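Sending over a structure as structure tokens; questions will come in a sec.
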Amino acid sequence: QVQLVESGGGLVQPGGSLRLSCAVSGFTLMDDYSIGWFRQAPGEERQEISCISSSTGSTYYTDSVKGRFTISRDNAKNTVYLQMNSLKPEDTGVYYCAAEDRSDYVTKLVCGARLMGNWGQGTQVTVSS
């Protein structure tokens with residue numbers, strides 16, 4: 001059974017940094033999964049932020065976070081991270097970790113909310129002065 005547990009959210013001032021963690025169980029980061037971070041602001045749909053393929057290491061970032069956010073993984077800890085720097089008020093929202101088994105597919109990296117079958121409970125990030 002796949003489980004994803006997020007942590008690291010909080011309140012930060014504009015320009016500050018946070019690091020989100022997603023501890024995964026039920027599979028390892030040596031398996032063939034696409035794992036990503038998604039943000040949902042009040043009244044808005046869940047939006048993809050960044051994803052990583054556990055098998056190839058390839059990554060995806062949405063345009064608004066390129067150069068500010070970095071996704072990474074620690075195979076030994078079975079954890080995926082999202083380092084968020086130069087945070088802006090528009091980065092505010094609930095951040096969810098999600099994963100999808102890509103072992104039966106040629107395309108190893110996917111990053112759409114409707115494509116991910118496993119979700120964590122979310123962690124709140126608030127960027128405000």
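In this text, all values refer to a predicted model and were calculated from it rather than measured experimentally.
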Task: Exam field: side chain N78 to backbone M30, donor-acceptor pair closer than 3.5 Å - done: no
Task: Aromatic ring proximity W119/F38, centre distance under 6.0 Å - done: yes
Open item on the list: I need the S50 OG to R39 CZ distance, nearest 0.5 Å.
Closed with: 11.5 Å
TODO: Please tell me if the side chains of K88 and P14 come closer than 4.5 Å, counting only heavy atoms from C-beta onward.
DONE: no
TODO: May I ask whether M84 and L4 are part of the same hydrophobic cluster, defined by side-chain heavy atoms of I, L, V, M, F, W, Y residues being less than 4.5 angstrom apart, directly or through others?
DONE: yes
Open item on the list: Please determine whether side-chain hydrogen bond (donor to acceptor under 3.5 Å, both in side chains) holds for the pair T79 and D74, giving the CA-CA distance in whole Å, both sets of side-chain angles, and the decisive distance to 0.1 Å.
Closed with: CA-CA 5 Å; T79 300; D74 185 329; over 6 Å; no
Open item on the list: A side-chain contact here means heavy atoms from C-beta on lying under 4.5 Å apart; do F69 and D91 qualify?
Closed with: yes
TODO: Establish whether V24 and L20 are linked, either directly or via other cluster members, by ILVMFWY side-chain heavy-atom contacts under 4.5 Å.
DONE: yes
Task: Check: S103 main-chain N/O paired with D101 side-chain donor or acceptor under 3.5 Å - done: yes
- [ ] Report yes if the side chains of L11 and S128 come closer than 4.5 Å at any heavy-atom pair, otherwise no.
- [x] yes
TODO: Nearest 0.5 Å please: distance from the CD atom of Q3 over to the CD atom of Q121.
DONE: 10.0 Å
Task: Set of residues satisfying salt bridge (charged side-chain N to carboxylate O under 4.0 Å, His left out) with respect to D32, sequence neighbours excluded - done: K108
Task: Geometric cation-pi criterion R46 and Y96, 6.0 Å radius, 45° cone - done: yes
Task: Minimum side-chain heavy-atom gap C97-W37 below 4.5 Å - done: yes
Open item on the list: To the nearest 0.5 Å, what is the distance between CD1 on I52 and CG on L82?
Closed with: 10.5 Å
- [ ] Please check if the side chain of S58 supplies one atom and the backbone of T56 the other of a donor-acceptor pair under 3.5 Å.
- [x] no
Task: Distance, nearest 0.5 Å, that separates CD of Q124 from CD of E6 - done: 12.0 Å
Open item on the list: Whether the side chain of R73 engages the backbone of S54 through a donor-acceptor N/O pair (distance < 3.5 Å, no angle test) should be reported.
Closed with: yes
Task: Taking every non-hydrogen atom, the tightest pair across I49 and V65 - done: O-CG2, 3.8 Å
Task: Beyond-backbone contact of L87 with L18, side-chain heavy atoms, under 4.5 angstrom - done: yes
Task: Contacts of type side-chain hydrogen bond (donor to acceptor under 3.5 Å, both in side chains), residue S7, not counting sequence neighbours - done: none
Task: Inter-residue atom distance R102.CZ - S53.OG, 0.5 Å rounding - done: 9.5 Å
Open item on the list: Just so I know, are the side chains of S72 and Q83 near enough to count as touching, which here means a heavy-atom distance under 4.5 Å?
Closed with: no
- [ ] Group every Ile, Leu, Val, Met, Phe, Trp and Tyr by side-chain heavy-atom contacts under 4.5 Å, then state whether V94 and I35 land in the same group.
- [x] no
TODO: Not counting sequence neighbours, which residues clear salt bridge (charged side-chain N to carboxylate O under 4.0 Å, His left out) with D63? List them please.
DONE: K66
- [ ] Check the hydrophobic clustering (I, L, V, M, F, W, Y; side-chain heavy atoms under 4.5 Å; chains of links allowed) and say if V125 and Y61 are grouped together.
- [x] yes
- [ ] Let me see the working for L29 and V80 under side chain to side chain contact (heavy atoms under 4.5 Å, CB included), right down to the final yes or no.
- [x] CA-CA 9 Å; L29 295 182; V80 174; 4.1 Å; yes
Open item on the list: Could you measure the distance from the OH atom of Y33 to the CG atom of L109? Nearest 0.5 Å is fine.
Closed with: 15.5 Å
Open item on the list: Can a donor-acceptor pair be found, under 3.5 Å and without considering hydrogens, that links the side chain of S86 to the backbone of G15?
Closed with: no
- [ ] Kindly indicate whether the side chain of L115, heavy atoms from C-beta on, has any atom under 4.5 Å from the side chain of E100.
- [x] no
